[in-house]
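Notes follow the structure.
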Amino acid sequence: MNKKIGKQTVKLENPISIISSANVVGQKEGHGPLGDYFDIVMEDAEWGEDTWEKTESKMQHDTVTRAISNASLSPSDIDYILAGDLLNQCISSSFGLRDLNIPFFGVYGACSTMAETISLGSMLIDGGFAKNIACVTSSHFCTAERQYRLPLEYGGQRPPTAQWTVTGSGSVVLSRSEKGPFITHITTGKILDMGIKDANNMGAAMAPVSVKLTP
Amino acid sequence: MSYTKKEYMDYVSRKSKKSPIVRDTVLAFIIGGLICVVGQAFSELYSKVFNLDKELVKIAVPITMIFLGALFTALNLYPKLAKYAGAGTIVPITGFANAITSPAMEFRREGLVLGLAAKMFIVAGPVLVYGIASSVVVGLIYYLINLF
């Protein structure tokens, strides 16, 4: 059966359900407009760990284990886990999830990682390759600043267009079920370079890929 | 019809919040100036109260300002000031101390050798390289001029 519609969209043979989810966020996110909807708001950037990278690993581990138990499953019921983060070699994911013993696909999509893991996970189930799939992503403001930008203690002034990297992790479990929410179609974006040169202004660089802009 | 690259860049330009140039300039001037006043105060203290000779004062003041720059970075107060001061806190000597202390603190967790020591000059490196290189060039020019 040909599932492709156009160049970028596929229609799944049967809808895939998101059967459970879990999340954890940092303080800034907890104070934001979605603050009340998060499961856990960390009291500080470390969450009891001695490096931020370990914190991010802990965040991933926490959200995945809670999402799996929210689905009344155990890690051994999960066929694959698709995970990604912003760091070199996706260490937050690999170190955070290493004791779960689930076959692992590391994914790098930066801000699109959650959508990408859900897209690929749905395709795996729809293709008959898996029954239950866990998807997780994370980012941490401090680990991203350390890797990509300047030390936190550096006395630099942020321009008004600079964006903050989220401190947060989210996980979902995908499976076939009667109950939604459902994934029915997947549209995969292409790389779009509109010439934004300001490395601080991530939003302006990313906006064109999600919205078709007309003047 | 969708945006061309130029149209999108113009759109982003219009929508982007601009830096408050006047406020930034005034604050940089005032806070940068105040830091220099502190330096001058130490200079007066060392020469008039401690009676150090002129050459010693010229060394003692930078040492003091470097120490204060590093101390305030360690206390996480320097970046708080820099948020408002902008260019006023980037300037040497305190800015340079901050530029070396901050990566030393940040990369301490990666170890004392490969972290702290290796990454310590990640921000200030260009200042050292081009500052020293240009002083060599200036020195050469000075020497050549003095030959005539």
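The figures that follow rest on heavy atoms only: side chains count, while hydrogens, waters and symmetry mates do not. In this text, all values refer to a predicted model and were calculated from it rather than measured experimentally. Just so we're on the same page: letters track the sequence lines, and every chain starts at 1.
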Answer yes if the side chains of [X] and [Y] hold a donor-acceptor pair under 3.5 Å, and no otherwise.
| X | Y | result |
| --- | --- | --- |
| A:Asp85 | A:Ser93 | yes |
| B:Glu44 | B:Gln40 | yes |
| A:Thr165 | A:Arg149 | yes |
| A:Gln147 | A:Asn88 | yes |

(message) Out of B:Asp24, B:Ile90, B:Thr89, return the one with the most heavy atom pairs under 4.5 angstrom to chain A.
(response)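 Going by pairs under 4.5 Å, I would pick B:Asp24.
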
(request) Return the option, out of B:Lys83, B:Lys5, B:Met9, with the maximum number of heavy-atom pairs under 4.5 Å with chain A. (result)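 The residue among B:Lys83, B:Lys5, B:Met9 with the greatest pair count is B:Lys5.
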
Tell me, side chain or backbone of [X] under 4.5 Å from chain A's heavy atoms, or both, or neither?
| X | result |
| --- | --- |
| B:Lys80 | neither |
| B:Phe72 | neither |
| B:Lys17 | both |

(request) Measure distances from A:Asp50 to the heavy atoms of chain B and classify the residue's part below 4.5 Å as side chain, backbone, both or neither. (result)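 The backbone, not the side chain.
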
(request) With a 4.5 angstrom heavy-atom cut-off, could you sort out which part of A:Arg158 is near chain B: side chain, backbone, both or neither? (result)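 Neither part; nothing is under 4.5 Å.
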
(message) Quick check on the interface: out of A:Gly195, A:Gly156, A:Cys142, who has the most heavy-atom pairs with chain B under 4.5 Å?
(response)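 Among A:Gly195, A:Gly156, A:Cys142, the one with the most close pairs to chain B is A:Gly195.
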
(request) Sort out for me which residue in A:Glu29, A:Gln27, A:Lys28 forms a side-chain contact (heavy atoms from CB on, under 4.5 Å) with A:Val25. (result)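 The single option meeting the side-chain contact (heavy atoms from CB on, under 4.5 Å) with A:Val25 is A:Glu29.
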
(request) Let me know which of A:Ser138, A:Ser21, A:Ser169 forms a side-chain hydrogen bond (donor to acceptor under 3.5 Å, both in side chains) with A:Thr63. (result)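 With A:Thr63 as partner, A:Ser138, A:Ser21, A:Ser169 yield a single side-chain hydrogen bond (donor to acceptor under 3.5 Å, both in side chains), made by A:Ser169.
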
